[in-house]
Trainee: 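This structure is in structure tokens; I'll ask about it shortly.
In what follows, residues are counted from 1 in the order of the sequence shown.
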Amino acid sequence: MKAQGDAMLNQLTTNFQRNVLPSIDSSAAASGNYGSSRQGVVQANAMDQFNQNASNSLANLYGSNYGQELSYNLGLGNLSNQAQANKNNFELGMGGLANQYTIGMGNINNQAQANAINWGLGKGNLANQAQANENNLELGRGNLSNQAQANKNNLELGRGSLANQAQANANNYDVQMNNNGLGFAQLDRQINQDNFNNQLAGANFGMNLWNQGQTNAQNAINAGQTIQNTPAGYYGQFSNYANMHGQGGGTTNSSSSAPGSVTAGALGGYQLYNAWNNSRNNGNSPGGALWGNDLSSR
């Protein structure tokens, strides 16, 4: 019976070591939890289940064997009740020892499993702490990099603002210069326009003077012609008066100016009129003795 128990325990142990534990390690590696506390917990649970299965299998084996032997002894009926009782007591004692042994092994395994779990938990905690430290380091580096990038961006923004301000100042300067140029151009245009207006006014003034001179000349010509024709008219009147009183009849004389210069004729007429007027005022005119000095009253 012990050989059967050992064989069964060896078979269970072999299956646990070759199949269960590798399967747990493979699953932990596949899920990224190899060496973590989760793997230790799974292994501890598997070992506890193994111990329970081994204990139950041994108990069933010993119990089944005990039942078989009891049936065998009862069937034979050759053994005395005392011997059977002793044997039963012995078997019971052996079963108790076996159970005690199994319980002790279970406690040892449980303790070992607890130690393994605690070790796995500690290892996991150390790994987690190391990972946390690494994460904090990476976060610190990221923060420094972000701060450096922010400082660089702020510097670029500041340079861009300065460049924009410089460009705006240059544009304002160009606009001011253009405005100044436009103002000078408008001033030059105004000066040119004023000069043109002054020249035009001077030309108009000169034209007006020339026209006035022409008008005055024409008036002088007309006055000269009037002066030239006036003595002839008076002379004709004197002749008519003289002929009327001297011969009893009247004679009408007409005169026309000889062709020549109008200005010369005007001057000549003026001289004749002046001479006639002087002689008239002195009483020497042809009709002065008869009519007196004032012919205009006639």
Side-chain angles (χ1 to χ4, degrees), residues 13-53 106-204:
T13 302
T14 301
N15 179 67
F16 180 79
Q17 292 177 348
R18 292 183 179 180
N19 296 322
V20 177
L21 290 178
S23 176
I24 293 173
D25 294 338
S26 177
S27 298
S31 62
N33 293 315
Y34 187 80
S36 66
S37 60
R38 184 181 295 274
Q39 180 184 3
V41 172
V42 174
Q43 289 177 349
N45 291 334
M47 292 180 67
D48 182 69
Q49 188 65 38
F50 166 75
N51 291 329
Q52 293 292 333
N53 293 334
N107 292 331
I108 293 173
N109 292 330
N110 290 335
Q111 185 62 42
Q113 185 64 36
N115 293 334
I117 292 172
N118 291 330
W119 181 81
L121 289 174
K123 185 177 180 180
N125 290 332
L126 290 176
N128 291 334
Q129 185 62 40
Q131 185 64 40
N133 293 334
E134 184 175 359
N135 292 337
N136 291 331
L137 178 62
E138 294 298 327
L139 287 174
R141 290 176 178 175
N143 291 332
L144 291 175
S145 177
N146 292 335
Q147 185 62 40
Q149 186 63 38
N151 293 335
K152 183 178 179 181
N153 293 337
N154 291 331
L155 178 62
E156 295 297 330
L157 288 174
R159 289 177 178 174
S161 298
L162 290 176
N164 292 334
Q165 185 63 39
Q167 185 62 40
N169 293 334
N171 294 336
N172 292 332
Y173 176 78
D174 293 338
V175 170
Q176 186 63 36
M177 292 299 294
N178 292 332
N179 291 334
N180 291 337
L182 181 59
F184 289 138
Q186 291 177 350
L187 181 60
D188 292 338
R189 178 184 175 280
Q190 186 63 40
I191 293 174
N192 292 331
Q193 185 66 36
D194 292 341
N195 292 333
F196 175 77
N197 292 334
N198 292 332
Q199 293 174 1
L200 182 60
N204 290 330

Trainee: Between Val20 and Gln43, is there a side-chain heavy-atom distance shorter than 4.5 Å?
Mentor: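 Not touching, per the 4.5 Å side-chain cut-off.
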
Trainee: If only side-chain N and O atoms count, and only distance matters, is there a donor-acceptor pair under 3.5 Å linking Asn125 with Gln129?
Mentor: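 Checked: Gln129/Asn125 side chains show no N/O donor-acceptor pair below 3.5 Å.
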
Trainee: Is it the case that Gln111 and Asn107 place a side-chain donor and acceptor less than 3.5 Å from each other?
Mentor: no

Trainee: Compare every heavy atom of Ala46 with every heavy atom of Ile24, then report the nearest pair and how far apart it is.
Mentor: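 Where Ile24 meets Ala46 most closely, the heavy atoms are CD1-CB, 3.5 Å.
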
Trainee: Stepwise, does the side chain to side chain donor-acceptor pair (under 3.5 Å) test hold for Gln193 with Asn197?
Mentor: CA-CA 6 Å; Gln193 185 66 36; Asn197 292 334; 3.2 Å; yes

Trainee: Work out which heavy atom in Ile117 is nearest to a heavy atom in Gly40; give both atom names and the distance.
Mentor: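 Reported closest heavy-atom pair: CG1-O, 3.8 Å.
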
Trainee: Is a side-chain donor or acceptor of Ser145 paired with a backbone partner of Arg141 at a separation under 3.5 angstrom?
Mentor: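 The answer is no, because no donor-acceptor pair under 3.5 Å joins these two groups.
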
Trainee: Which value, rounded to the nearest 0.5 Å, describes the distance between Lys123 atom NZ and Asn128 atom CG?
Mentor: 12.5 Å

Trainee: Is any side-chain heavy atom of Thr13 closer than 4.5 Å to one of Gln17?
Mentor: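 Sidechains of Thr13 and Gln17: in contact.
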
Trainee: Which distance, rounded to the nearest 0.5 Å, do you find between the CG of Asp174 and the CD of Gln167?
Mentor: 8.5 Å

Trainee: Going through the checks in order, is the side chain to side chain contact (heavy atoms under 4.5 Å, CB included) test met by Ile191 and Leu187?
Mentor: CA-CA 6 Å; Ile191 293 174; Leu187 181 60; 4.0 Å; yes

Trainee: Between the side chain of Ser26 and the main-chain N/O of Pro22, is any donor-acceptor distance below 3.5 Å?
Mentor: no

Trainee: Do Asn151 and Gln147 have a side chain donor and acceptor closer than 3.5 Å?
Mentor: yes

Trainee: Between Gln131 and Asn135, do the side chains contain a donor N or O and an acceptor N or O under 3.5 Å apart?
Mentor: yes

Trainee: What distance do Leu126 atom CG and Ser37 atom OG have between them, rounded to the nearest 0.5 Å?
Mentor: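 The distance works out to 11.0 Å.
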
Trainee: Name all residues meeting the salt bridge (Lys or Arg N to Asp or Glu O under 4.0 Å) criterion together with Glu156; count only those two or more places apart in sequence or in a different chain, and write none if there are none.
Mentor: Arg159

Trainee: Would you give the length of the straight line joining atom CG of Asn171 to atom CG of Asn164, rounded to the nearest 0.5 angstrom?
Mentor: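 Answer for the CG-CG pair, Asn171 versus Asn164, is 10.0 Å.
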
Trainee: Stepwise, does the side chain to side chain donor-acceptor pair (under 3.5 Å) test hold for Gln49 with Asn45?
Mentor: CA-CA 6 Å; Gln49 188 65 38; Asn45 291 334; over 6 Å; no

Trainee: Test your reading of the model: is there a side-chain donor-acceptor pair from Ser31 to the backbone of Ala28, 3.5 Å cut-off?
Mentor: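 Flag set: sc Ser31 to bb Ala28 pair under 3.5 Å.
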
Trainee: Show every ring-ring contact (aromatic ring centres under 6.0 Å, His included) that has at least one partner inside residues 31-51, sequence neighbours left out.
Mentor: Phe16-Phe50

Trainee: Would you compute the distance between atom CZ of Phe184 and atom CG of Asp188 and round it to the nearest 0.5 angstrom?
Mentor: 8.5 Å

Trainee: Quick check for you: to the nearest 0.5 Å, what is the distance between Leu157 atom CG and Leu162 atom CG?
Mentor: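 These two atoms lie 11.0 Å from each other.
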
